[in-house]
There are 2 protein chains.
Amino acid sequence: MRKQSVSGTPREMKRMNQRLILQTIRRKQPISRTEISEMTSISRTTVSQLIDEMMEEGVVRETGRGSSPTQGGRKPVFLSIDDDSGFVCGLDIGGSSITFVVCNLSGKVVSKEVVSTPVSLGLESLFRLIERFLDNAPVPVERLIGLGVGAPGITRFHDGVVLSAPSLGWTDLPLKEEMEDRFNLPVYVENDVNMAALGECWLGAGKGKRHVVMITVGTGIGCGLILNGDLYRGSRWASGEIGFMVTDSHAVEHWDDPVFSGFGYMESKAGGPAIARQYLRGLKDTDGTLVSNAKDIFDLWRKGDETAGAVIWEANKHLAAGIVNVVVLFDPEVVILGGGLMKSQDLLLPQILKTVKRFAPIQPEIRISQLGDDAGALGAGALVLKEHDCPYQGVL
Amino acid sequence: MRKQSVSGTPREMKRMNQRLILQTIRRKQPISRTEISEMTSISRTTVSQLIDEMMEEGVVRETGRGSSPTQGGRKPVFLSIDDDSGFVCGLDIGGSSITFVVCNLSGKVVSKEVVSTPVSLGLESLFRLIERFLDNAPVPVERLIGLGVGAPGITRFHDGVVLSAPSLGWTDLPLKEEMEDRFNLPVYVENDVNMAALGECWLGAGKGKRHVVMITVGTGIGCGLILNGDLYRGSRWASGEIGFMVTDSHAVEHWDDPVFSGFGYMESKAGGPAIARQYLRGLKDTDGTLVSNAKDIFDLWRKGDETAGAVIWEANKHLAAGIVNVVVLFDPEVVILGGGLMKSQDLLLPQILKTVKRFAPIQPEIRISQLGDDAGALGAGALVLKEHDCPYQGVL
DNA sequence: GTTTGGTTTGTAAAGTTTCCAAACTAACAA
DNA sequence: TTGTTAGTTTGGAAACTTTACAAACCAAAC
């Protein structure tokens with residue numbers, strides 16, 4: 001669907017200028033009216049008028065005065081954004097837990113809660129959880145700008161329908177519509193990995209960057225793409241399916257692993273379950289029934305188990321190759337690694353760094369997630385700010 | 001560098017509306033003023049006024065009238081874009097040949113020339129070639145909107161500097177600046193593969209699509225990315241370096257091929273020279289000195305040479321894996337394959353299709369380039385139209 | 001210490017560009 | 001003639017800009 005270009009109306013023009021001014025303030029605060037005018041090439045008069053309106057709304061405040069310039073002259077009045085003039089609520093619905101967050105315009109968390117996901121999560125029970133959380137949050141309702149929701153599956157952003165979230169048993173769920181009816185607030189729904197990428201971009205390892213790739217390694221391997229400062233979603237909401245990469249050309253002929261149907265090739269080689277399974281297979285005697293997870297294998301390696309080391313090494317080669325592939329295709333400024341397995345980054349990162357250095361013609365920074373488990377919920381908040389129309393837009 | 005957001009002025013507002021109207025006309029022509037007004041939600045008054053101006057400039061023409069609607073009433077006056085009201089010149093500078101093209105707003109070629117690249121291509125000789133071509137083109141100079149140039153190397157679009165084009169011996173060449181001085185026209189410089197992608201998107205296999213990946217397979221393997229209808233360039237003008245993908249996780253430990261230093265891993269496995277070399281190595285007796293190129297190997301396979309078949313098969317596995325990787329990361333609507341090796345598509349395509357079908361969770365269309373060797377030059381023209389400000393913008 | 005001159009900030013008034021709504025004319029069928 | 005649709009004219013509203021000015025401030029001259 002083609003994004004409808006907006007017709008230019010005076011009102012739209014005003015909005016553009018408000019946004020521009022607001023962005024400028026956020027980036028350079030504290031800043032005077034005159035300086036804003038110079039930076040934006042909007043006339044001083046207009047800047048003043050728009051600022052007046054924004055001060056009336058409470059978004060912008062006068063905060064002290066600067067010193068006179070070199071030659072003398074009237075001291076400028078400094079302006080700043082009142083970070084507490086608006087709040088966003090973000091939630092990250094995961095297969096095992098749900099994270100709720102409320103934060104202000106600068107990303108300061110004022111309220112947070114983590115609950116374990118109910119076995120079968122119906123809409124009504126979800127809504128009650130949200131209501132309870134919002135009731136307890138120390139934020140007046142009228143200051144709440146909107147709600148962002150990250151869901152583990154394929155989501156259609158433009159109408160907020162969760163097309164498929166196996167771990168929750170959701171299919172074609174019109175989450176945005178239902179939630180907006182219930183809470184009477186704008187709601188934005190997006191894939192959880194994308195949310196994490198937005199979160200890291202706003203407040204974490206990708207702050208200030210416009211080309212960021214976030215890779216989460218856990219049961220599955222996913223990837224959120226921020227290109228030119230915007231989330232890239234692909235033509236069918238299925239971009240970043242890094243777990244389906246083929247990191248071994250031999251697979252073209254030979255791969256046929258029934259255990260991992262539904263998963264991608266790389267996930268079947270480098271994901272958590274794959275590592276656990278490979279290890280058990282290495283032991284020869286047992287089959288997949290002996291339950292074990294990747295974390296155990298990492299621990300075994302730390303204790304000197306060489307089989308564990310070999311298995312992890314093998315898996316990590318796939319991951320490293322995958323990261324190289326992402327890097328050379330996107331040319332990002334930063335690659336952020338997160339997800340459960342990255343808690344053992346000490347064992348994985350060195351090889352990854354070495355591989356990227358060797359195979360990629362350009363070298364991005366490679367960092368570990370800074371926000372950890374909160375990235376998704378914070379990203380959900382970031383998305384609200386990003387999408388919300390004036391006067392909060394462009395905060396990122 | 002952050003793209004400066006424009007301040008909203010009345011003039012800018014007008015431009016936006018002109019663009020919107022022009023887009024609407026192009027998509028639905030012939031179309032009446034009233035219908036434009038309804039589609040764009042710009043008032044009839046404004047539509048009329050802007051149309052008047054555009055007719056004065058010659059961009060839009062009245063072309064006949066429609067039939068009266070059901071109930072009777074005045075017949076609408078149909079409007080269309082005059083495709084010959086402007087022309088663009090595109091050139092594709094390759095290592096072995098240079099293609100010149102002049103075409104009108106709808107992409108109809110009115111003049112074309114192909115010359116072989118001089119051994120050492122200096123700016124002055126290039127300019128003379130262009131001048132001669134333009135002089136012979138049946139287009140009045142004042143109708144020429146701009147010049148697009150595709151160069152084989154890394155180009156910095158925003159200031160039009162060719163950072164490095166080894167096959168031409170260019171380094172840090174300020175091509176845009178020099179050319180604009182000389183020809184007194186807007187000039188846009190871009191990587192040749194990106195240009196080809198733009199070309200196919202405008203007039204070829206990607207027409208009307210907004211998410212397109214174009215892969216060219218030749219000596220090197222490159223890739224142009226059209227995401228959300230725009231060229232994606234990466235953070236350091238190095239996106240789409242698909243030739244550097246690692247399509248074999250074993251390489252992480254073992255790859256060390258001095259012959260291909262400077263090339264990427266995948267290029268060293270699936271590029272033209274790689275195929276030729278692998279074949280010769282298969283013969284055991286000869287070494288790399290016996291010159292041969294990929295095309296010969298393809299011909300040998302067609303004649304029943306099994307070694308040739310095996311070598312190509314092996315190379316193609318890497319290519320197929322690479323294509324899967326691109327598909328799952330970008331979720332494009334179409335993947336377009338082009339470049340020298342794709343002239344033997346009959347031998348390569350079946351395996352590629354099968355591999356993508358098997359490994360990718362989503363299925364894009366996979367097509368062969370429609371414009372062939374002209375894609376680059378036409379894309380250079382497309383870029384001019386895309387970048388040129390009102391009233392031609394948004395033609396794509 | 002006070003005055004004077006130059007500089008900078010912010011506001012007010014008048015002017016410009018652009019858009020839109022409503023009334024109007026034109027064209028056409030029944 | 002009547003009703004309907006297409007396009008234009010007119011008057012006005014919304015937004016920006018330019019110009020002019022008051023307030024605030026430094027610094028050097030007196």
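Naming: A, B, ... by sequence-line order, numbering from 1 per chain. Both backbone and side-chain heavy atoms feed into the values below; hydrogens, waters and symmetry mates do not.
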Under 3.5 Å between N/O atoms: give me all the protein pairs with nucleotides 18-23 of chain D, atom names plus distance.
from	atom 1	to	atom 2	distance (Å)
dT18(D)	O4	T45(A)	OG1	3.0

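E53(A) has its CD atom 12 Å from the C1' atom of dA14(D), to the nearest Å. For the pair I42(A) CD1 and dT17(D) P, the computed distance is 7 Å after rounding to whole Å. In this structure, the CG atom of L50(B) is 15 Å from the P atom of dT17(C), given to the nearest Å. Atom C1' of nucleotide dA6(D) and atom CD1 of I51(B) are separated by 13 Å, given to the nearest angstrom. Going from atom CE of M16(A) over to atom P of dT18(C) covers 15 Å, rounded to whole Å. What separates CD of E12(A) from C1' of dC16(D) is a distance of 15 Å, to the nearest Å. To the nearest angstrom, C1' of dT16(C) lies 11 Å from CZ of R11(B). Distance NZ (K75(A)) to P (dA27(D)): 11 Å, rounded to an integer number of Å.
In this pair, F330(B) and F330(A) present their aromatic rings tilted. The plane angle is within the 30 to 60° band. Using the six-membered ring where Trp is involved, W237(A) and H158(A) have ring planes that are parallel, under 30° apart on the 30 and 60° scheme.
Within 6.0 Å of CD in E53(A) there are more than 12 heavy atoms belonging to other residues, nucleotides or ligands.
The existence of a salt bridge linking D84(A) and R143(A) is excluded, since no basic side-chain nitrogen approaches an acidic carboxylate oxygen closer than 4.0 Å. A salt bridge links D83(B) with R26(B): the distance from a Lys NZ or Arg NE/NH1/NH2 to an Asp or Glu carboxylate oxygen falls below 4.0 Å.
Judged purely by atom type and a 3.5 angstrom limit, K176(B) uses its side chain to pair as donor or acceptor with the backbone of V187(B).
Distance from the side chain of P76(A) is smallest to dT9(C) among dT8(D), dC20(C), dT9(C). The K14(B) side chain lies nearest to dT18(C) when the options are dT18(C), dG7(D), dC16(D).
OP1 and OP2 of dA27(C) both lie 4.0 Å or more from every side-chain N or O belonging to R65(B). One finds no side-chain N or O of T34(A) lying less than 4.0 angstrom from the OP1 or OP2 phosphate oxygen of dT8(C). OP1 or OP2 of dA15(D) has not a single side-chain nitrogen or oxygen of N17(A) nearer than 4.0 Å. Distances shown here put every side-chain N or O of S32(B) at or beyond 4.0 Å from the OP1 or OP2 atom of dA6(D).
Summary of the strand contacts: P10(A) and S48(A) both lie near DNA chain C, and taking for each the nucleotide with the nearest heavy atom, the more 5' one is attributed to S48(A).
Nucleic acid contact class of V47(B) (heavy atoms, under 4.0 Å, all strands): none.
Side-chain contact of T40(B) with T24(B): a donor-acceptor pair under 3.5 Å is absent, judged by distance alone.
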